[in-house]
Amino acid sequence: MKRIKAIYPGSFDPPTNGHLDLIERGSKIFDELVVAILRNPEKDPLFSVDARRNMLEAMTAGFDNVSIDTFHGLTVDYAIRVGATAVLRGIRAISDYEYELQMALMNRKLQPGLETVFMMPAEMYSYLSSRLVREIAQLGGNIDGLVPELVARKVREKMEPAHKFEAAAQNERAKKTRKKKS
Ligand code: PNS
């Protein structure tokens with residue numbers, strides 16, 4: 001019987017509940033699913049590749065056909081190297097479609113034997129992205145429910161020093177203003 005191995009490539013910085021939702025859906029239709037974190041030296045990520053790998057491993061420990069890996073270079077080359085025949089990507093809204101279509105068609109041009117499979121995450125995650133999670137956390141907002149608890153904890157640990165610094169700076173500014181007034 002033919003077994004279908006797929007890769008789910010992405011940045012996962014940080015991995016969100018939307019990613020987890022897609023991994024769960026993918027694990028049901030593929031025999032094997034490799035979540036592949038891009039090692040991109042040009043990006044300045046919030047989490048190191050190792051940290052993202054650890055988080056994804058913990059998040060997917062319950063799926064016996066899901067594994068986590070990292071790659072650099074072209075997604076299509078990585079897919080062929082690991083013997084995958086499909087690339088899983090999530091589409092949340094129409095706004096994702098243009099970029100995803102372009103990428104899927106370019107990947108098909110580069111490697112015609114590789115199929116891109118799009119899946120939709122649950123509607124409740126249709127507005128969710130790693131970029132927004134980073135932004136909300138950086139500005140002191142609540143990210144509970146957007147990412148798994150273990151990820152939320154790691155994000156908070158990262159942000160805490162910055163928030164403490166900002167709170168101290170605010171106190172200092174308030175003190176100076178009070179002094180001027182008195
Ligand atoms: O989570 P992201 O950032 O939307 O994932 C984008 C990713 C990693 C899938 C894409 O940038 C990618 O495939 N990069 C690897 C380099 C590559 O193959 N580029 C050509 C794409 S047509």
Side-chain angles (χ1 to χ4, degrees), residues 4-27 29-30 32-60 63 66-138 143 145-148 150-152 154-155 158:
I4 302 180
K5 180 172 183 174
I7 61 164
Y8 176 24
S11 308
F12 307 103
D13 184 35
T16 67
N17 282 336
H19 292 129
L20 186 57
D21 179 276
L22 213 73
I23 291 169
E24 186 172 357
R25 288 170 200 281
S27 76
I29 64 163
F30 298 114
E32 223 182 303
L33 181 65
V34 183
V35 180
I37 309 162
L38 176 69
R39 294 200 303 274
N40 186 351
E42 277 160 37
K43 266 197 177 174
D44 184 19
L46 178 61
F47 287 103
S48 70
V49 170
D50 280 347
R52 281 176 268 164
R53 183 187 197 133
N54 289 341
M55 287 187 270
L56 280 163
E57 272 171 358
M59 285 162 64
T60 59
F63 303 103
V66 175
S67 58
I68 315 298
D69 196 7
T70 68
F71 75 104
H72 68 274
L74 287 176
T75 291
V76 292
D77 289 345
Y78 170 74
I80 297 304
R81 212 163 48 243
V82 298
T85 50
V87 177
L88 172 65
R89 290 286 293 171
I91 290 203
R92 292 160 299 190
I94 286 291
S95 48
D96 282 340
Y97 182 72
E98 211 168 318
Y99 168 64
E100 293 296 335
L101 178 74
Q102 186 184 22
M103 206 156 57
L105 293 179
M106 186 56 84
N107 282 340
R108 180 184 283 167
K109 167 101 182 79
L110 295 169
Q111 196 53 252
L114 197 62
E115 283 300 334
T116 297
V117 177
F118 292 125
M119 293 187 86
M120 280 85 67
E123 297 100 286
M124 64 199 280
Y125 301 129
S126 58
Y127 56 87
L128 177 55
S129 72
S130 296
R131 185 182 63 77
L132 283 182
V133 168
R134 288 197 303 270
E135 191 172 311
I136 292 163
Q138 263 150 4
I143 56 165
L146 304 180
V147 295
L150 77 112
V151 176
K154 294 277 171 209
V155 173
K158 277 245 168 237

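Start at 1 and go down the list; that is how both ligands and their atoms are numbered.
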- Please verify whether a non-hydrogen atom of Ser130 lies at under 4.0 Å from ligand 1. no
- Can Gln102 be said to touch ligand 1, with heavy atoms closer than 4.0 Å? no
- Task: Just jot down the ligand 1 atoms closer than 4.0 angstrom to any heavy atom of Met106, in number order.
- Result: 22 (S)
- atom 15 (C) of ligand 1: of Asp13, Val76, Thr75, Leu110, the nearest heavy atom sits on Thr75
For [atom], find the nearest protein heavy atom and state the residue, atom name and distance (0.1 Å precision).
atom                    : value
atom 10 (C) of ligand 1 : Met103 SD, 3.9 Å
atom 16 (C) of ligand 1 : Gly73 O, 3.5 Å
atom 4 (O) of ligand 1  : Arg89 NH2, 3.0 Å
atom 2 (P) of ligand 1  : Ser11 OG, 3.6 Å
atom 17 (C) of ligand 1 : Leu74 CD2, 3.7 Å
atom 11 (O) of ligand 1 : Tyr99 OH, 4.1 Å

- Query: Is a side-chain N or O of Lys158 found less than 3.5 angstrom from the main chain of Phe47, in a donor-acceptor match?
  - Reply: no
- Message: For Ile37, is there any backbone N or O sitting under 3.5 Å from a side-chain donor or acceptor partner on Arg53?
- Response: no
- Note on the structure: Scanning both residues in full, the closest heavy-atom pair of Ser27 with Val66 reads CB-CG2, 3.7 Å
- Query: When you check the gap from the basic side-chain N to the acidic O, do Asp77 and Arg81 get nearer than 4.0 Å?
  - Reply: no
- Message: With a sphere of 6.0 Å drawn around CE of Met120, does it hold more than 12 non-hydrogen atoms of other residues, nucleotides or ligands?
- Response: no
- Item | Residue Arg39 excluded, over 12 heavy atoms near CZ under 6.0 Å | yes
- Message: Just verifying a value: how many Å separate Glu57 CD and Asp50 CG, rounded to the nearest 0.5 Å?
- Response: 9.5 Å
- From OH (Tyr125) to CZ (Arg92), nearest 0.5 Å: 14.0 Å
- Short N or O distance, Asn107 and ligand 1, threshold 3.5 Å exclusive: no
